[in-house]
S.K.: 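Okay, handing you the structure first.
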Amino acid sequence: MKDSILSFLSLCRKAQKLKMGFDSVEKTLKDAKLLIFASDVSLKTKERMEKKAEPFNIPSRVIPFTQEDVYIKVGKNISVMSITDDGLAKAFLSKLE
């Protein structure tokens, strides 16, 4: 399961449908379909991003992986991401379940 979810994030990145990092996600909130947080995201960061995303009604999920796990698979040490494609966001949610 772990590799499947992280591989899916890598696929989204290659398709240029994964925004990574607080600033990048914030700039593209109008296009976001799903917010994703690493398990070790700070509460302050998570709350700030969710507040900014509130007007757009974007669902969010905390994945059971740390920033280091994400770094190993995606190549960036980040705790905030978003998927900007509806189909990919739905597929990602189904993988989490």
Side-chain angles (χ1 to χ4, degrees):
M1 177 182 121
K2 177 179 180 175
D3 195 49
S4 173
I5 291 171
L6 293 175
S7 292
F8 195 84
L9 284 177
S10 182
L11 173 78
C12 291
R13 181 177 187 196
K14 288 175 185 171
Q16 299 181 345
K17 300 298 181 184
L18 182 69
K19 301 301 177 190
M20 300 177 291
F22 192 95
D23 293 338
S24 179
V25 171
E26 181 181 24
K27 289 176 188 173
T28 58
L29 276 174
K30 65 177 176 27
D31 299 323
K33 306 301 180 200
L34 177 66
L35 290 176
I36 303 166
F37 299 100
S39 62
D40 56 350
V41 65
S42 76
L43 183 59
K44 181 180 177 183
T45 297
K46 184 176 181 291
E47 287 175 348
R48 281 181 53 216
M49 182 54 71
E50 287 179 332
K51 184 171 178 90
K52 290 176 181 292
E54 201 172 282
F56 301 100
N57 294 321
I58 305 166
S60 67
R61 297 291 186 277
V62 176
I63 57 175
F65 309 110
T66 65
Q67 294 176 53
E68 184 176 342
D69 295 328
V70 174
Y71 173 75
I72 290 168
K73 196 65 175 180
V74 183
K76 277 198 155 187
N77 190 14
I78 40 140
S79 61
V80 180
M81 298 161 273
S82 70
I83 296 177
T84 59
D85 179 83
D86 197 42
L88 290 174
K90 288 177 183 174
F92 185 80
L93 286 172
S94 71
K95 285 192 173 296
L96 280 178
E97 315 230 327

S.K.: Assess the residue pair Leu9 and Met81 against the criterion (side-chain contact (heavy atoms from CB on, under 4.5 Å)); give the C-alpha distance rounded to whole Å, side-chain angles, the decisive distance to 0.1 Å, and a yes or no.
M.R.: CA-CA 9 Å; Leu9 284 177; Met81 298 161 273; 4.1 Å; yes
S.K.: Indicate yes or no for a side-chain donor-acceptor contact from Thr28 to the backbone of Asp31 under 3.5 Å, with no hydrogens or angles considered.
M.R.: no
S.K.: Run Asp23 and Glu26 through side-chain contact (heavy atoms from CB on, under 4.5 Å) and show every step you take.
M.R.: CA-CA 5 Å; Asp23 293 338; Glu26 181 181 24; 4.2 Å; yes
S.K.: Side chains of Leu96 and Arg61: does their closest heavy-atom pair fall under 4.5 Å?
M.R.: yes
S.K.: Please round to the nearest 0.5 Å and tell me the distance separating atom CG of Leu34 and atom OG of Ser60.
M.R.: 7.5 Å
S.K.: Quick one: pull up NZ in Lys52 and CG in Leu29 and give me the separation to the nearest 0.5 Å.
M.R.: 8.5 Å
S.K.: Is there side-chain contact between Thr66 and Tyr71, with at least one heavy-atom pair below 4.5 Å?
M.R.: no
S.K.: Test Phe92 against Ile5 for side-chain contact (heavy atoms from CB on, under 4.5 Å), laying out the working first.
M.R.: CA-CA 7 Å; Phe92 185 80; Ile5 291 171; 3.6 Å; yes
S.K.: Looking at Ala91 and Ser94, what are the two nearest heavy atoms and their distance?
M.R.: O-OG, 2.8 Å
S.K.: Is a side-chain donor or acceptor of Ser39 paired with a backbone partner of Phe65 at a separation under 3.5 angstrom?
M.R.: yes
S.K.: Under 4.5 Å between any side-chain heavy atoms of Lys46 and Val62, yes or no?
M.R.: yes
S.K.: Linking I/L/V/M/F/W/Y whenever any side-chain heavy atoms sit under 4.5 Å apart, do Leu18 and Ile63 land together?
M.R.: yes
S.K.: A side-chain contact here means heavy atoms from C-beta on lying under 4.5 Å apart; do Val70 and Met20 qualify?
M.R.: no
S.K.: State the CD1-NZ distance between Ile58 and Lys30, to the nearest 0.5 angstrom.
M.R.: 11.0 Å
S.K.: Is atom CZ of Phe56 surrounded by more than 12 heavy atoms (other residues, nucleotides or ligands) closer than 6.0 Å?
M.R.: yes
S.K.: Taking the side chain as C-beta and beyond, is there a heavy-atom pair between Val80 and Phe37 under 4.5 Å?
M.R.: yes
S.K.: Please tell me if the side chains of Phe8 and Ser4 come closer than 4.5 Å, counting only heavy atoms from C-beta onward.
M.R.: no
S.K.: For the CG atom of Asp40 and the CG atom of Asp69, what is their distance to the nearest 0.5 Å?
M.R.: 8.0 Å
